[in-house]
Amino acid sequence: MHDYGVFTVGSKAEVLEQSREFWNPGKTDFWSESGVDLVIDRRESYFIWDMSGMRLIDVHLNGGTYNLGHRNPELVEAITTGMRSFDIGNHHFPSSARAALAEALIETAPPGLAKVVYGSGGGEAIDIALKTARHATKRRKIVSIIRAYHGHTGLAVAAGDDRFAKLFLADRPEEFIQVPFNDLAAMRTALAGDDVAAVIMETIPATYGFPLPEPGYLEAVKAECERHGTLYIADEVQTGLMRTGELWGITKHGIEPDILVTGKGLSGGMYPIAAVLVSDRCAEWLTEDGFAHMSSFGGAELGCVAALKALEICTRPETRSMVHYIADMLGRGLRAIADRYPDWFTGIRQNGVVMGLEFDHPEGAKYVMRELYTRGVWAIFSTLDPRVLQYKPGLLMTPELCEELLERTEAGIGAARDEARRHPAGSRR
């Protein structure tokens, strides 16, 4: 039993039962039935501990929220120091913390971005981006990718996969058009009417399993956008902040987006915050009516303190070098594992430490996830393509931890292959 001052935690079984009754029975039961009865207790660096005491190497990182590790000491110190002077703040008024973060974001952003609008999470930030595009173009239509994921708020969920949009009656096919990823012809057709406000794309679609853009695809989409007066929104919530080996993944394609969205890792894993970076053209509504989007927790001042420190760590030359080292080391190790299981581990999608591992089974990543979990590694299957395991190492992992991770990964992949062969495709959840 743990006493945290404001609440007392009983046994793991009691927490699971409370979660079923008062929180989210669907999620709680799904994970238990999937063989992942995880209730996170202690967390530090790139490790999480289940309430049972089992230690796990975290390569899920909650979509990159923990790029810099859990409870990174520099971030803990920044937040602790910040609490002497700051709280959430008042979103109506100018703020030293918000202004400092906005300046730092623009200074490190792709060229052409000039102003920052804050949200409390990625979905809200996507909503801001889409509203901004509509205002700037005076058009309503939005084009996104089939099996896209941009969050679960109102406009964001409408731009995403049908699984979530239809559940809440948020699908609007007359306004939100979806085309296949890497299909330039379909994109051209969608934009041909000169009536689309924006194309929104994750630079590498995460929940779809990190399929990589074909050479020249994103560049061609941007050119089509310019041809038809359509804005380009780069969703960098998961691919930003050095995960690709550059601060923003979109810059590796030489693209200057009209709008860029960041979140997750911007928080340092310590305080929720997200941001929308916009061009001068897209920022006009901020002058026309600065109260047009209000968010009590958007740009919370303690969040800005955390984000400033997270951004500073991400932009250090040694962080960039470490990402390239980790990407090379793990990439080579994973390719060696794939060579040992060529009929099972069939592909590696990699850009920096953005990695999707492909398996020759319609739910192969679920098998691998379970076997890795029992061996002390937490990585999650791709919700919209369960053949692919999302494998997201942290930016600051040590060589020793990379070695341990590869050893445990190889053991889990081999065991998952054997388990999957005992169950024909689709016979096990």
Side-chain angles (χ1 to χ4, degrees), residues 106 109-117 125-150 155-156 158-161 171-206 208 211-237 239-240 244 246-262 276-288 351:
I106 294 304
L113 299 174
K115 296 285 192 297
V116 174
V117 187
I126 295 294
D127 280 6
I128 294 167
L130 297 179
K131 291 192 298 184
T132 295
R134 285 177 162 180
H135 177 271
T137 62
K138 303 302 183 283
R139 301 172 178 178
R140 299 184 68 86
K141 290 184 180 178
I142 304 295
V143 173
S144 60
I145 300 300
I146 293 172
R147 297 193 182 181
Y149 181 85
H150 299 289
L155 297 178
D161 187 73
D171 55 315
R172 300 175 224 171
E174 72 286 357
E175 292 184 9
F176 289 85
I177 301 147
Q178 294 197 320
V179 299
F181 190 56
N182 280 324
D183 188 336
L184 186 57
M187 183 65 73
R188 285 177 173 143
T189 299
L191 299 182
D194 292 336
D195 58 352
V196 173
V199 170
I200 180 169
M201 285 200 293
E202 296 174 275
T203 304
I204 307 171
Y208 193 5
L212 300 177
E214 293 176 357
Y217 170 67
L218 296 182
E219 295 89 332
V221 171
K222 179 62 164 73
E224 288 297 316
C225 286
E226 292 176 355
R227 186 173 295 115
H228 295 284
T230 296
L231 301 178
Y232 187 107
I233 302 173
D235 181 343
E236 292 265 336
V237 171
T239 53
T244 65
E246 298 294 339
L247 189 64
W248 307 111
I250 198 69
T251 62
K252 298 180 80 169
H253 299 271
I255 292 174
E256 298 179 9
D258 301 287
I259 301 172
L260 183 147
V261 182
T262 180
V276 185
L277 285 59
V278 301
S279 67
D280 278 322
R281 176 192 176 191
C282 294
E284 288 178 0
W285 69 264
L286 291 166
T287 301
E288 180 180 332
N351 187 333

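- Under the 4.5 Å side-chain criterion, counting only non-hydrogen atoms from C-beta, Leu212 is in contact with Ile204.
- Residues Leu155 and Phe176 have side chains in contact (heavy-atom distance under 4.5 Å, counting atoms from C-beta outward).
- Looking at every heavy atom in both residues, Ala159 comes nearest to Gln178 through O-NE2, 3.1 Å.
- Nearest approach of Asp127 to Ala156, heavy atoms of both residues: OD1-N, 2.8 Å.
- Classification of Lys222 and Glu219 as a salt-bridged pair fails, no side-chain N sitting under 4.0 Å from a carboxylate O.
- The environment of Lys131 atom NZ is dense: over 12 non-hydrogen atoms of other residues, nucleotides or ligands sit within 6.0 angstrom.
- Between Glu202 and Thr239 the shortest side-chain heavy-atom distance does not fall below 4.5 Å.
- Between His150 and the choices Ile145, Asp235, Ile142, the side chain to side chain contact (heavy atoms under 4.5 Å, CB included) rule is met once, by Asp235.
- For the residue pair Asn182 and Pro213, the shortest heavy atom distance occurs at OD1-CA, 3.4 Å.
- Annotation: side chain of Trp248 is in contact with side chain of Thr262 (closest heavy-atom distance under 4.5 Å).
- The heavy-atom pair separating Ala136 from Leu231 by the smallest distance is CB-CD1, 4.0 Å.
- Between Thr132 and Val117, the closest side-chain pair of non-hydrogen atoms is not below 4.5 Å.
- Residues Glu236 and Ile250 come closest through the heavy atom pair OE2-N, 2.8 Å.
- Atom OG1 in Thr203 sits 6.5 Å away from atom CG in Leu218 (nearest 0.5 Å).
- The shortest non-hydrogen separation linking Gly229 to Arg139 is O-NH1, 3.2 Å.
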query: Stepwise, does the side-chain contact (heavy atoms from CB on, under 4.5 Å) test hold for Asp258 with Arg281?
result: CA-CA 8 Å; Asp258 301 287; Arg281 176 192 176 191; 5.8 Å; no
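- Separation of atoms CD1 (Ile126) and CD1 (Ile233) is listed at 7.0 Å; rounding is to 0.5 Å.
- Side-chain contact between Arg134 and Glu175: present, with at least one pair of heavy atoms (C-beta onward) separated by less than 4.5 Å.
- For the pair Lys252 (side chain) and Thr244 (backbone), a donor-acceptor distance under 3.5 Å is present.
- Although no hydrogens or angles enter the test, the distance criterion places a donor-acceptor pair under 3.5 Å between the side chain of Thr230 and the main chain of Val196.
- In this structure, the separation between CG on Leu277 and NZ on Lys115 is 11.5 Å, given to the nearest 0.5 Å.
- At a threshold of 4.5 Å between non-hydrogen side-chain atoms, the residues Val221 and Ile255 do not count as touching.
- Distance CG/Leu260 to OH/Tyr232: 10.0 Å, rounded to 0.5 Å.
- For the atom pair CG (Leu184) and CD (Glu214), the distance works out to 9.5 Å, reported to the nearest 0.5 Å.
- His253 has its side chain out of reach of Tyr217: every pair of non-hydrogen atoms, C-beta onward, lies at least 4.5 Å apart.
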message: side-chain contact (heavy atoms from CB on, under 4.5 Å) for Val278 and Glu284? Distances and angles first, verdict last.
response: CA-CA 10 Å; Val278 301; Glu284 288 178 0; over 6 Å; no
